[in-house]
**Student:** 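One structure, pasted below without further comment.
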There are 2 protein chains.
Amino acid sequence: MNTIVKKEHGIDVAGNSGFVGEYLLYLLAAASDVASADFHAQVRERGLKVPEWRILACLSDTDGQMVTRLSQLSLIEQSHLTKIVDQMAVKGLVKRRSDDRDRRRVRVYLTESGRVLGLELVEAARAHEHAIVKQMRPGEAALLKQALKHIHALYGAGLSALPEETETTSR
Amino acid sequence: MNTIVKKEHGIDVAGNSGFVGEYLLYLLAAASDVASADFHAQVRERGLKVPEWRILACLSDTDGQMVTRLSQLSLIEQSHLTKIVDQMAVKGLVKRRSDDRDRRRVRVYLTESGRVLGLELVEAARAHEHAIVKQMRPGEAALLKQALKHIHALYGAGLSALPEETETTSR
DNA sequence: GTAAAGAATATGAATTCGCATATTTCCGCC
DNA sequence: GGCGGAAATATGCGAATTCATATTCTTTAC
């Protein structure tokens, strides 16, 4: 037979013949890992941990979110998120304020320096993303994002059945 | 103005207007997270931790890999991998054997029960993947995988410059 | 052949993370 | 207008994960 295995060089998982190299969940995790590692290094250089960056990013989009939602958005488990918010509060990046209408809720707001740092990093993230997209075929990135949202939606549906926000503006 | 924000329901990050909901690295992480969570539950039901499953899967593809490479393939940091292999060895799923040509290297082999469990789980993973792919548009999954490999390759290149295996067959 | 430099693993301490649960507050109902 | 139950956070603690480094072995250049 001619299924001679060309010696395995490097990681080249993707070009692998086995199961793993074609397994969707693996490809997702692997792509996420390698692509993120790069940017995460930048995050750490600015003295932030990755989870902190995620929170900054989420708050930059929508400030003053409640802990539970922030935990969902940032992909960080709730009790862990609470601890990270603690640290960020100490660093002066965010501050807590309990919701007036429902005092069980705790909303997290960016401080001024948090906002600044957040914007900076979001810019850096945009640039980083651009660098990646630029290396893909035209339209490939769009399709990719599309498909990723699709997958997210497949499961996200379950999560979508969440208590909605009942506030007009956090004003 | 009519940029009235329809109250935010559920997670629906993907449908978000902000930065995060369109950020590639976020979409990757989020999709990976939600899609995996599902299968990982199955893994735990069989008494395995997620990292253990990853190792089983990699070894099922190519048995007898050295620790370093296994760590790259399985996306697990080296010293952590060592510890997990310890546990798996205790469970009787794998066994270590040092490479004859280079005794610094430790190769990890599946035991018989490890092989069996591995095959079982790979089957389950295939089924699970199938269920996902089935819900996507025809060809969408293929494109997705393609793009993911593409991204992986962008960075993987750096990693590919690795010391190659110099063994004909682990016979 | 031998010392220096580099690889491959393992080990130990320090963090981070996640589960279970306590606590506070809200909500519907009697 | 008080009770039971659910929601939102926080906390304690054990397990998981990482980082720096020790250890062992290999290779290269003298």
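Note: hydrogens, waters and symmetry copies are ignored here, and every other heavy atom, side chains too, is used. Order of the sequence lines sets the chain letters (A, B, ...), proteins ahead of strands, with each chain counted from 1.
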**Student:** Check whether any side-chain nitrogen or oxygen of B:T82 sits under 4.0 Å from OP1 or OP2 of C:dT11, and answer yes or no.
**Tutor:**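 No, because none of the side-chain N or O atoms of B:T82 sits under 4.0 Å from OP1 or OP2 of C:dT11.
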**Student:** With no hydrogens and no angle check, is any side-chain donor or acceptor of A:S71 less than 3.5 Å from a backbone partner on A:L81?
**Tutor:** no
**Student:** I need a per-nucleotide contact map over nucleotides 24-29 of chain C, read 5' to 3'. Cutoff is protein heavy atoms under 4.0 Å; write B for the base, S for backbone only, - otherwise.
**Tutor:** -BS---
**Student:** Sugar-phosphate atoms are those with a prime plus P, OP1 and OP2; base atoms are the rest. Using that split, label each nucleotide of nucleotides 12-21 of chain C B, S or - for protein heavy atoms under 4.0 Å, 5' to 3'.
**Tutor:** BB--SSBB--
**Student:** How close or far is atom C1' of C:dA7 from atom CE of B:M66, stated in whole angstroms?
**Tutor:**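 My rounded result for the distance is 8 Å.
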**Student:** What ring pair (Phe, Tyr, Trp, His ring centres under 6.0 Å) pairs are there with at least one residue in residues 118-141 of chain A, not counting sequence neighbours?
**Tutor:** A:F39-A:H128
**Student:** Not counting sequence neighbours, list each pair that qualifies as a salt bridge (Lys or Arg N to Asp or Glu O under 4.0 Å) and has a residue in residues 34-50 of chain A.
**Tutor:**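 The answer is A:R46-A:E120.
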**Student:** Give me each pair satisfying ring pair (Phe, Tyr, Trp, His ring centres under 6.0 Å) with a member in residues 54-77 of chain A, each pair once, sequence neighbours excluded.
**Tutor:** none
**Student:** Applying salt bridge (Lys or Arg N to Asp or Glu O under 4.0 Å), which residue pairs with at least one partner in residues 128-139 of chain A are found, sequence neighbours left out?
**Tutor:**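 Applying salt bridge (Lys or Arg N to Asp or Glu O under 4.0 Å) to every pair that reaches into residues 128-139 of chain A, excluding sequence neighbours, yields A:E129-A:K145, A:R137-A:E140.
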**Student:** Indicate whether OP1 or OP2 belonging to D:dA7 is found under 4.0 Å from a side-chain N or O atom of A:T68.
**Tutor:** no
**Student:** If you group Ile, Leu, Val, Met, Phe, Trp and Tyr whenever their side-chain heavy atoms sit less than 4.5 Å apart, what else falls in with A:L143?
**Tutor:** B:L143
**Student:** Write out all pairs satisfying salt bridge (Lys or Arg N to Asp or Glu O under 4.0 Å) with one or both partners inside residues 23-32 of chain A, taking only residues at least two apart or from two chains.
**Tutor:**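 Matches after skipping sequence neighbours: none remain.
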**Student:** Run the salt bridge (Lys or Arg N to Asp or Glu O under 4.0 Å) test against A:K95 and tell me which residues pass, sequence neighbours left out.
**Tutor:**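 With sequence neighbours excluded, A:K95 shows a salt bridge (Lys or Arg N to Asp or Glu O under 4.0 Å) to no residue whatsoever.
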